[in-house]
**Q** 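Take this structure first; my questions come after.
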Amino acid sequence: MADKIKNAKIVFVVGGPGSGKGTQCEKIVAKYGYTHLSSGDLLRAEVASGSDRGKTLQAIMQKGELVPLDTVLDMIKDAMIAKADVSKGYLIDGYPREVKQGEEFEKKIGAPALLLYIDAKGETMVKRLMKRGETSGRADDNEETIKKRLDLYYKATEPVIAFYEQRGIVRKINSELPVDEVFAIVEKAIDELK
Ligand SMILES: Nc1ncnc2c1ncn2[C@@H]1O[C@H](COP(=O)(O)OP(=O)(O)O)[C@@H](O)[C@H]1O
Ligand SMILES: Nc1ncnc2c1ncn2[C@H]1C[C@H](O)[C@@H](COP(=O)(O)OP(=O)(O)O)O1
Ligand SMILES: [Mg+2]
């Protein structure tokens, strides 16, 4: 595995629910042609397939909890391998959500070159998610689940940022700004990778 993707940069995209991870990843794909892998999207695809595994996942996600580490890591790994021949870079969006996920990823796949920390205030994230919930059809974009996701983000995911800060690969992105202004900051971080 490490061999197949050795020349591709791995970028972790971390931030709270509704911070704007997916929005910025789309723009990175458009400009840089990186492969975008959202753990949430991969999980929702499994749910949509109607499989038994999907049903179990759906119940966990609806409660705003984390699905088992092995499930999500295997999905990401398979998706990375499938794109290995064409990828110059990978955006790993929504992963790691806890320090242990980062450690296991590095054991099985490789080390990230950069962590984009998409940062917005709690109240901003709640507002955006409530708005997104009007059209997203996502079972977890409701007030009760949003609150749980936010709590879990502060408890489990923020330590991930501190963990990678020690390694000097974290770039904090102010996601309170309009989308294009946020992207201008993101571009600088990606350009520095080259
Ligand atoms: N910089 C921004 N300013 C205003 N709204 C934003 C910004 N970034 C994202 N949004 C909106 O907030 C919502 C959540 O964004 P999304 O990219 O889905 O976040 P995440 O993937 O982190 O949950 C979306 O409806 C999106 O259009
Ligand atoms: N790395 C991961 N580990 C465990 N569960 C995950 C996961 N990534 C996503 N999930 C599950 C739990 C999340 O509440 C749900 C939605 O994730 P998401 O689509 O990344 O949310 P968002 O983009 O709003 O931050 O999927
Ligand atoms: Mg997202």
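Whatever order the structure lists them in is the order used to number ligands and atoms, beginning at 1.
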**Q** Rounded to the nearest 0.5 Å, how far does CD1 of I190 lie from NZ of K31?
**A**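 Here the interatomic distance stands at 9.5 Å.
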**Q** In the protein, which heavy atom is nearest to atom 1 (N) of ligand 1, and how far is it?
**A**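 Going by distance alone, atom 1 (N) of ligand 1 is nearest to L177 O, 2.8 Å.
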**Q** Do ligand 1 and G20 have nitrogen or oxygen atoms that lie under 3.5 Å from each other?
**A** yes
**Q** May I have the list of side-chain donor-acceptor pairs in residues 92-99 shorter than 3.5 Å, sequence neighbours left out?
**A**
residue, atom, partner, partner atom, Å
D93, OD2, H36, NE2, 2.9
Y95, OH, Q101, O, 2.7
R97, NH1, G94, O, 2.6

**Q** Do S51 and E46 have side-chain atoms, one donor and one acceptor, less than 3.5 Å apart?
**A**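 Yes.
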**Q** Report yes or no: do L116 and Y90 belong to one cluster of Ile/Leu/Val/Met/Phe/Trp/Tyr joined by side chain heavy-atom distances under 4.5 Å?
**A** no
**Q** Does any N or O in the side chain of R128 come within less than 3.5 Å of the main-chain N or O of S19, such that one atom is a donor and the other an acceptor?
**A** yes
**Q** Please identify each residue that fulfils ring-ring contact (aromatic ring centres under 6.0 Å, His included) with Y34, with sequence neighbours left out.
**A** none
**Q** Assess whether side chain to side chain contact (heavy atoms under 4.5 Å, CB included) is satisfied between L193 and V11, documenting all intermediate values.
**A** CA-CA 10 Å; L193 274 181; V11 178; 3.9 Å; yes
**Q** Starting from atom 23 (O) of ligand 1, what is the nearest protein heavy atom, named by residue and atom, and what distance separates them?
**A** G18 N, 2.8 Å
**Q** May I ask you to identify the nearest protein heavy atom to atom 24 (C) of ligand 1, giving residue, atom name and distance to one decimal place in Å?
**A** R132 CD, 4.2 Å
**Q** Using heavy-atom distances only, which candidate in E134, E181, R138, R128 approaches atom 3 (N) of ligand 1 most closely?
**A** R128
**Q** Which option out of T23, T135, I173 puts a heavy atom nearest to atom 9 (C) of ligand 1?
**A**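 It is T23 whose heavy atom sits nearest to atom 9 (C) of ligand 1.
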**Q** Of all the non-hydrogen atoms in the protein, which one sits nearest to atom 21 (O) of ligand 1, and at what distance?
**A**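 Of every protein heavy atom, G22 N, 3.0 Å lies nearest to atom 21 (O) of ligand 1.
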**Q** Just to be sure I understand the cut-off, which residues have at least one non-hydrogen atom under 4.0 angstrom from an atom of ligand 2?
**A**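 Ligand 2 pocket, heavy atoms under 4.0 Å: P17, G18, K21, S39, G40, L43, R44, M61, E65, L66, V67, V72, G94, Y95, R97, Q101, R132, R138, D140, R149.
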**Q** Suppose I only count heavy atoms of S175 and a 4.0 Å limit; which atoms of ligand 1 are within that range?
**A** 1 (N)
**Q** Does any pair with a residue in residues 144-194 pass ring-ring contact (aromatic ring centres under 6.0 Å, His included), and if so which ones, sequence neighbours excluded?
**A**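 Listed by first then second residue: F12-Y164.
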**Q** Check whether any N or O atom of P178, backbone or side chain, sits under 3.5 Å from an N or O atom of ligand 1, and answer yes or no.
**A**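 No; the residue has no nitrogen or oxygen that sits under 3.5 Å from a nitrogen or oxygen of the ligand.
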**Q** Is it the case that ligand 1 has an N or O less than 3.5 angstrom from some N or O of L129?
**A**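 In fact, backbone or side chain, L129 has no N or O that close.
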**Q** Closest heavy-atom contact between I10 and I109?
**A**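 Nearest heavy atoms, I10 then I109: CD1-CG2, 4.3 Å.
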**Q** I'd like to check whether P17 has a polar contact with ligand 1, where a contact means an N/O of the residue lying under 3.5 Å from an N/O of the ligand.
**A**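 N/O-N/O distance under 3.5 Å: no.
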**Q** Ion pair present between K100 and E103, side-chain N to carboxylate O less than 4.0 angstrom?
**A**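 No, this pair does not count.
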**Q** Would a distance-only check, ignoring hydrogens and angles, find a side-chain to backbone donor-acceptor pair under 3.5 Å from S175 to I118?
**A**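 No.
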**Q** Which atoms from ligand 1 have a heavy atom of G16 less than 4.0 Å away?
**A**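 What qualifies from ligand 1 is 22 (O).
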**Q** Less than 4.0 Å between a side-chain N and a carboxylate O, is that true for D140 and R132?
**A** no
**Q** Does an N or O anywhere in D93 fall below 3.5 Å from an N or O of ligand 1?
**A**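 No; the residue has no nitrogen or oxygen that sits under 3.5 Å from a nitrogen or oxygen of the ligand.
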